[in-house]
Amino acid sequence: MSPRISAVPSAAPSRPRRVPAAARIAVAAAMCGVLAGCAGSQASQNGPGGSDNRFIAGDGSTQAIPASDRKPVTGVQGATLDGRTLALTDLKGKVTVVNFWASWCAPCRGEAPSLEQVHTENKGKGVEFLGVAFKDSKQNAQAFERRFKVSYPSLFDADGRITLAFRAVPPNAIPTTLVLDRQGRVAARVIGATTYSKLNPVVARVLAEK
């Protein structure tokens with residue numbers, strides 16, 4: 001929240017102060033940098049209040065990562081939306097699907113039923129799902145989960161610190177879905193909204209790995 005600035009009385013009417021171009025560029029760059037890999041992506045003003053360009057559009061493309069090139073994700077832990085403490089290492093040994101979402105993101109709402117379907121069909125096969133509620137309010141994120149009947153936990157990432165822990169294979173868009181193998185390494189990444197027909201085969205392939 002920006003600090004509140006009190007007006008200072010003056011004998012002469014004040015003129016609006018122009019913001020230097022360099023300052024405007026710096027602010028834009030800082031906002032863009034909230035998500036790694038923002039450059040070259042299409043920005044959309046779908047954030048809270050309709051004037052926030054934190055949302056970076058993805059095309060739903062899937063990137064598969066060979067086992068020899070995979071890197072582990074470390075340091076991911078925090079509080080879930082229902083108040084529990086959870087660490088990504090708690091899920092090691094299982095294929096884990098990590099979905100980055102926000103209640104203010106329209107594509108996130110569109111993909112939510114598909115994610116829940118993939119979760120429901122695979123949870124008995126050694127697959128876990130974990131959401132990361134990115135730059136959202138807890139109240140709105142909880143309402144999102146109730147509306148779409150999300151049955152898997154989500155970490156509350158109000159300041160973006162949890163998302164930054166995935167720097168090895170960063171979520172370059174909201175939404176982004178990462179599929180981690182049993183060793184906790186990122187095996188696949190879907191940038192943008194996904195569907196059941198896209199995600200379920202990816203999960204099945206990683207699950208079939210020995």
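By the criterion of side-chain heavy atoms lying less than 4.5 angstrom apart, applied directly or through intervening Ile, Leu, Val, Met, Phe, Trp or Tyr residues, Val202 is grouped together with Val118 in one hydrophobic cluster. With hydrophobic clusters built from ILVMFWY side chains whose heavy atoms lie under 4.5 angstrom apart, Trp101 does not share a cluster with Leu155. Using a 4.5 Å cut-off between side-chain heavy atoms of Ile, Leu, Val, Met, Phe, Trp and Tyr, with links allowed through other members, Phe134 and Val169 fall into the same hydrophobic cluster.
Under the side-chain hydrogen bond (donor to acceptor under 3.5 Å, both in side chains) criterion, Thr120 pairs with Glu116, not counting sequence neighbours. Residues passing the salt bridge (Lys or Arg N to Asp or Glu O under 4.0 Å) test with Arg167: none are found, sequence neighbours excluded. Applying the side-chain hydrogen bond (donor to acceptor under 3.5 Å, both in side chains) rule to Asn140 yields the partners Ser137; only residues at least two apart in sequence or on another chain are considered. Residues satisfying the ring pair (Phe, Tyr, Trp, His ring centres under 6.0 Å) test with Phe100, not counting sequence neighbours, are Phe166. For Arg146, the salt bridge (Lys or Arg N to Asp or Glu O under 4.0 Å) criterion is met by no residue, not counting sequence neighbours.
Pro175 places a side-chain heavy atom less than 4.5 Å from the side chain of Cys105. Put simply, the side chain of Val203 reaches to within 4.5 Å of the side chain of Val97, judged on heavy atoms. By the 4.5 Å heavy-atom criterion applied to side chains, Ser114 and Leu199 are not counted as neighbours. Counting heavy atoms from C-beta on, the side chains of Pro153 and Asp82 never come closer than 4.5 Å. Contact annotation: the side chain of Thr177 approaches that of Leu115 to within less than 4.5 Å [non-hydrogen atoms, C-beta and beyond]. Taking the side chain as every heavy atom from C-beta outward, Asn122 and Asn200 approach each other to under 4.5 Å. Under the 4.5 Å side-chain criterion, counting only non-hydrogen atoms from C-beta, Leu180 is not in contact with Val95. Side-chain atoms of Val179 and Val186, non-hydrogen and from C-beta on, never get closer than 4.5 Å to each other.
Counting only residues at least two apart or on different chains, no ring-ring contact (aromatic ring centres under 6.0 Å, His included) pair has a member in residues 73-98. Annotation: salt bridge (Lys or Arg N to Asp or Glu O under 4.0 Å) contacts involving residues 88-102, sequence neighbours excluded, comprise Lys94-Glu128. Within the structure, the salt bridge (Lys or Arg N to Asp or Glu O under 4.0 Å) test picks out the following pairs touching residues 182-193 (sequence neighbours left out): Asp181-Arg185. Listed by first then second residue, pairs satisfying ring-ring contact (aromatic ring centres under 6.0 Å, His included) with a partner in residues 145-164 read His119-Tyr152, Phe129-Tyr152, Phe144-Phe148, not counting sequence neighbours. Every pair passing salt bridge (Lys or Arg N to Asp or Glu O under 4.0 Å) that includes a residue from residues 196-210 is listed here, sequence neighbours excluded: Arg70-Glu209. Screening residues 102-111 for salt bridge (Lys or Arg N to Asp or Glu O under 4.0 Å), with sequence neighbours left out, gives no hits.
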Quiz item: Going through the distances and angles, do Asn99 and Val132 end up as a side chain to side chain contact (heavy atoms under 4.5 Å, CB included)?
Solution: CA-CA 6 Å; Asn99 176 253; Val132 178; over 6 Å; no
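Closest heavy-atom contact between Asp136 and Ser103: OD2-N, 2.6 Å. Asp157 and Ile162 get closest at one heavy-atom pair: OD1-N, 3.0 Å. Contact record, Val127 with Leu207: CG2-CD1, 3.8 Å, taken as the closest heavy-atom pair.
Alongside Val190, the hydrophobic cluster contains no other residue (criterion: ILVMFWY side chains under 4.5 Å).
Here Leu91 contributes atom CG and Thr96 contributes atom OG1; the two are 4.5 Å apart, rounded to the nearest 0.5 Å. Distance CD1/Ile65 to OG1/Thr62: 11.0 Å, rounded to 0.5 Å. Interatomic distance, Thr80 OG1 to Leu86 CG, rounded to the nearest 0.5 Å: 7.0 Å. Atoms OG1 and CD, from Thr89 and Gln77 in turn, are 7.0 Å apart once rounded to the nearest 0.5 Å.
Side-chain atoms of Ser154 and Glu145 include a donor-acceptor pair closer than 3.5 Å.
Listed for the Gln183 side chain is no donor-acceptor partner under 3.5 Å among the backbone atoms of Gly93.
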